[in-house]
Protein chains: 2
Amino acid sequence: MVVHSLFAELVMNRTSYTTREVILLKSSILFWEKGYAETSMKDIASSCGFRPANIYNYFCNKETILFEILKDEMEAILKPIRKLKGDASINPPDALRKIIENHVRLTLGVRRSSMLLFDVGLGYLSKKNKKKIIQLRDEYDEICREILTRGIQMGFFRKIDVKLVAFSVASIIARSRMWFSPNGKYSVDEYIDFIYDFITRGIISMRR
Amino acid sequence: MVVHSLFAELVMNRTSYTTREVILLKSSILFWEKGYAETSMKDIASSCGFRPANIYNYFCNKETILFEILKDEMEAILKPIRKLKGDASINPPDALRKIIENHVRLTLGVRRSSMLLFDVGLGYLSKKNKKKIIQLRDEYDEICREILTRGIQMGFFRKIDVKLVAFSVASIIARSRMWFSPNGKYSVDEYIDFIYDFITRGIISMRR
DNA sequence: TGAAAGTGAATGGTCGTTCATTCATTATTT
DNA sequence: AAATAATGAATGAACGACCATTCACTTTCA
């Protein structure tokens, strides 16, 4: 079962939510669909079934809601791959595949239309909050780089700039939110296969 | 000489601009730096050296400015590669490299910070204008697909979904706007080399 | 003189946020 | 058990700020 990253551990086996959780859940949907600036407190409130003023009983301002969403989402992406770092018992290619699989599943698992909240949303955060999110993103990059570097040392991967590779992979996945359709030609699993294949083998033919 | 895509043919050998052109130029910079919604008519006007009301002597509204910018930018990306389509005299790998080179140069040529105007901006356009921009984007995709398909037929590339490849390549390039620094480790030329290499050969080593 | 360029003031709207207040529920005290 | 106090949830009204846009006007300049 695939669930929206933000509340992965929360959604399971739950039938009721606190108001705070409802606000986060609804805001997350709206932010992803319409964008942060284009979502008003009125939008959030009415999608929760009450008036804007009530939101301030649970969050001190709009930015805090965005921050909580981005933080939770980033944590959800990070959590399952933290253990991969420095684990010599796992093959770098397998580890890379796990990272891709996890990221794609969380990105496309529950469909939200086309907004790049994660790229754009950082701009609306305070310096302090922005720093915290970027720290998490850096940790993600670090894990990717470690896997890639080890893969090069072990001869699985050729010598290539691991930082650029990590950026490129993340870009492909992040932006697939914009066009991927669960009813389209490919399933999420097939898309994971494509990405891993594309990244590892490239597009060139060996038959010449 | 590398110039900002939007006014590629305009900036060359010009010392004076019409007010209309100044507005487009300044707006483009602001939109890329701060985002469309976050840029006010006051911002645009004061960066042009006059008052907001005067803008309406040249453009009927804010959206039209955005539309003109996106259209010009897309045209600039498209123009140099239109001739590649259906040209049997050029090798598909060379054609692909030309597409990448052109796109990267226009994307990173004149540095604008971190906003993904092109992805996000579509949401602010009217249906009619949105359709026009998407038509241009589709033409770009079509050219990429044609090159890739021909490359497969000729045995240069292995059998792979050309649509997904085109999306992936565009994603890598578009998102490099967010992190690429002209003062950083790599020059634009080196970055073009990396992308072409990464896309064609992948990361896997042949030595195992 | 007349068109083009530019302006200040005003309009109607939306936004995030604050605040005093209501109401039902829960906890505490008598 | 009854009376009282405290609390959390929710509200309507209002605030100040900013927004895109309009319009009647002055200025500029050919």
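Proteins come first, then strands; the chains are lettered A, B, ... in the order of their sequence lines, and each starts at number 1. Every value quoted in this text rests on a predicted model; they were computed, and no experiment measured them.
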Indicate whether the side chain of A/Ser187 and that of A/Asp189 have a donor and an acceptor atom separated by less than 3.5 Å. no
Protein-nucleotide distance (B/Ile23, atom CD1; C/dG6, atom C1'), rounded to Å: 11 Å
What is the separation between atom OH on A/Tyr124 and atom P on C/dG16, rounded to the nearest whole Å? 11 Å
What's the CD1-P distance between B/Ile44 and D/dC19, to the nearest Å? 11 Å
Report yes if a donor N or O on one partner sits less than 3.5 Å from an acceptor N or O on the other, where the partners are the side chain of B/Asn57 and the base of C/dG6; otherwise report no. yes
Given C/dC15, D/dA10, D/dT22, the nucleotide with the shortest approach to the side chain of A/Phe50: D/dA10
What integer distance in Å separates B/Asn54:CG from D/dC23:C1'? 14 Å
Comparing nearest nucleotides in DNA chain C, the 5'-proximal residue of the pair A/Asp43, A/Ala53 is A/Asp43
Whole Å only: how far is the NZ atom of B/Lys62 from the C1' atom of D/dC19? 8 Å
Which class fits the ring pair A/Tyr191 and A/Phe180: parallel under 30°, tilted 30 to 60°, perpendicular over 60°? tilted
Short side-chain donor-acceptor distance under 3.5 Å, B/Tyr196 and B/Glu101: no
Check the phosphate of D/dA9 against A/Tyr58, side-chain N and O only, distance under 4.0 Å to OP1 or OP2. Yes or no? yes
Rounded to whole Å, please give me the gap between NZ in A/Lys42 and P in D/dG12. 12 Å
Which label fits A/Tyr124 and A/Tyr36: parallel for a plane angle under 30°, tilted from 30 to 60°, or perpendicular past 60°? tilted
To the nearest angstrom, the CZ-C1' distance between B/Arg51 and C/dA10 comes to 17 Å
Between atom CD1 in B/Ile55 and atom P in C/dT7, what is the gap in whole Å? 11 Å
